[in-house]
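Note that ligands are numbered from 1 as they come in the structure, with each ligand's atoms numbered from 1 the same way. Sequence positions, counted from 1, serve as the residue numbers for this chain. Keep in mind it's a predicted model, so treat the numbers as computed, not measured. Only heavy atoms go into these numbers, but all of them, side chains included; no hydrogens, no water, no symmetry mates.
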Amino acid sequence: MTDRPPPQPATARRSPALTGHLRVPGDKSISHRALLLGGLASGETRITGLLEGDDVQRTAEAMRAFGAQVDGAGDEWVVRGVGNGCLLEPEAPLDFGNSGTGVRLAMGLAGVYDMVTAFAGDQSLSRRPMGRVLDPLRLMGVQVEATPGDRLPLTLRGPKTAAPVTYRVPVASAQVKSAVLLAGLNAPGVTTVIEPVHTRDHTEKMLRGFGASVEIETGAGGLRQIRIEGQGRLSGQAIAVPGDPSSAAFVVVAALIVPGSDVVVENVLVNPTRTGLFDTLRDMGASIEMLNRRNSGGEDVADLRVRASELRGVTVPPERAPSMIDEYPVLAVAAAFAEGETLMQGLDELRVKETDRLASVAAGLKVNGVDCEDGKDWLLVRGSPGGRGLGGGTVETSLDHRVAMSFLVMGLAAESAVTVDDTGMIATSFPQFADLMRGLGAEIE
Ligand code: S3P
């Protein structure tokens with residue numbers, strides 16, 4: 001298990017209007033997939049805009065251990081892949097740190113190979129459920145030796161030949177869908193994933209881009225069937241990773257709640273499977289304009305102009321959860337500044353993120369004077385326009401980068417300062433967060 005470095009607390013204070021233009025780092029989901037598929041494909045994959053956060057670096061390291069050549073930093077990353085079906089057996093356990101996406105997708109990619117692969121992670125990742133990916137892999141013939149409860153650390157031993165499956169994903173999870181599709185790449189015949197709820201679709205899109213044969217059918221009630229033909233050739237691609245909407249979310253909410261703010265976040269991914277937060281904030285009365293909408297490498301991208309707005313509470317329906325699953329912590333912060341009540345429903349998956357995010361967010365709100373209630377899968381926040389009476393607390397982040405960033409955003413507009421007990425994990429997804437925010441005028445120290 002990864003050693004835990006000493007905590008790095010930080011405090012955010014009520015700030016003057018935030019202004020300026022900025023870019024947030026590359027999308028985390030697309031960055032992982034670009035390295036995984038680039039490392040698998042034949043030939044060269046050139047990636048610009050890759051997120052260089054710790055989570056993605058772990059995936060780069062894992063692909064090196066599988067035999068791919070992964071070079072770069074900064075402007076362009078170059079990956080020379082091994083060719084589909086040709087991953088090598090790693091010499092040592094793969095340590096994915098804090099990264100649920102990295103470990104679950106890599107288990108799908110490599111678990112079905114006729115070899116032994118060991119996976120590990122930090123304290124937070126070792127508490128998260130892996131059975132959701134191990135179950136379909138078992139059906140494909142993989143033998144699993146895991147820590148009780150199907151947790152990390154664990155070892156996978158693949159069969160001589162993997163069995164293609166038809167698998168209905170039991171939870172709304174792009175990671176599970178993706179793991180099965182990636183496993184299907186190394187099984188003869190057609191592997192089918194049935195997805196009752198449409199989750200982020202970057203894996204399907206990118207697989208097609210690399211030349212895999214993927215068919216998608218959407219039936220009654222939005223049920224999607226995704227079929228992948230195994231053992232085909234994948235060829236290296238040029239990939240431009242757009243800005244991460246889940247990182248832009250913090251800047252957007254900060255600009256909405258700090259009076260007088262006017263900020264443009266350039267080059268943000270606006271794939272409709274990812275924009276639930278922006279839709280919800282607009283329902284709340286937020287001024288968010290999508291400027292210069294364009295297509296970049298198969299994904300929708302736009303510049304977001306955000307101006308401080310008076311927000312009103314809304315009810316966020318459970319169907320919206322998959323398109324904003326990582327954004328509830330920061331939505332809860334926006335709701336704390338809105339007039340009236342905001343009810344968020346269908347949040348069961350928040351319980352199994354980097355921490356139990358429903359519990360952590362509710363605790364962080366309460367310690368900062370926010371009137372809120374939470375249940376098994378819902379959160380109700382009663383707002384305090386202008387941030388009156390809010391702040392003054394220290395938030396326990398429990399190794400969760402998004403909890404840390406959300407409450408620092410809260411401190412920028414609350415009456416009293418907000419402290420978070422550790423900011424170290426922010427480097428997993430948004431290493432430049434504090435510097436970029438300070439560049440807009442935010443007081444974070
Ligand atoms: C991700 C899927 C989501 C999300 C995570 C990234 C992905 O997880 O929370 O941050 O890249 O596929 P689930 O699949 O568990 O919902």
Show every donor-acceptor pair shorter than 3.5 Å between a side-chain atom in residues 403-412 and any protein atom, with sequence neighbours excluded, or say none if there are none.
| unit_1 | atom_1 | unit_2 | atom_2 | d |
| --- | --- | --- | --- | --- |
| Ser406 | OG | Val330 | N | 3.3 |
| Ser406 | OG | Arg402 | O | 2.6 |

Heavy atoms only: give me the nearest Arg438-Asp435 pair and the separation to one decimal.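 Closest approach of Arg438 to Asp435, heavy atoms only: NH1-OD1, 2.9 Å.
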Do other residues, nucleotides or ligands put more than 12 heavy atoms under 6.0 Å from the CD atom of Glu145?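 Check fails, neighbour count at 12 or below.
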Lys28 and salt bridge (Lys or Arg N to Asp or Glu O under 4.0 Å): which partner among Asp54, Asp244, Asp55?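 Option passing the salt bridge (Lys or Arg N to Asp or Glu O under 4.0 Å) with Lys28: Asp55.
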Positive for salt bridge (Lys or Arg N to Asp or Glu O under 4.0 Å) with Asp150, one of Arg138, Arg127, Arg132, Arg104: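 Only one option passes, and that is Arg138.
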Provide the number and element of each atom of ligand 1 under 4.0 Å from a heavy atom of [X].
| X | value |
| --- | --- |
| Ala174 | 12 (O), 14 (O) |
| Asp326 | 4 (C), 5 (C), 9 (O), 10 (O) |
| Thr101 | 1 (C), 5 (C), 6 (C), 7 (C), 11 (O) |

Please report which non-hydrogen protein atom sits nearest to [atom], along with the residue it belongs to and the distance in Å to one decimal place.
| atom | answer |
| --- | --- |
| atom 14 (O) of ligand 1 | Ser173 OG, 2.7 Å |
| atom 11 (O) of ligand 1 | Ser29 OG, 2.7 Å |
| atom 12 (O) of ligand 1 | Arg33 NH2, 2.6 Å |

Structural part of His202 in contact with ligand 1, heavy atom criterion under 4.0 angstrom: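 None of His202 does.
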Measure Arg200 to ligand 1 on non-hydrogen atoms and call it side chain, backbone, both or neither using the 4.0 Å cut-off.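 Arg200 to ligand 1: side-chain contact only, backbone stays beyond 4.0 Å.
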Does the N or O separation between Lys28 and ligand 1 drop below 3.5 Å for any pair?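 N/O-N/O distance under 3.5 Å: no.
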Taking the side chain from Thr355 and the backbone from Arg357, do they hold a donor-acceptor pair closer than 3.5 Å?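 Absent.
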Contact between ligand 1 and Lys353 is defined here as a heavy atom of the residue under 4.0 Å from a ligand atom; is it met?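 Yes; Lys353 lies near enough to ligand 1 that a heavy-atom distance drops under 4.0 Å.
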May I ask you to test the Pro196-Arg224 pair for a side-chain heavy-atom distance under 4.5 Å?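 Heavy-atom side-chain distance check fails, nothing below 4.5 Å.
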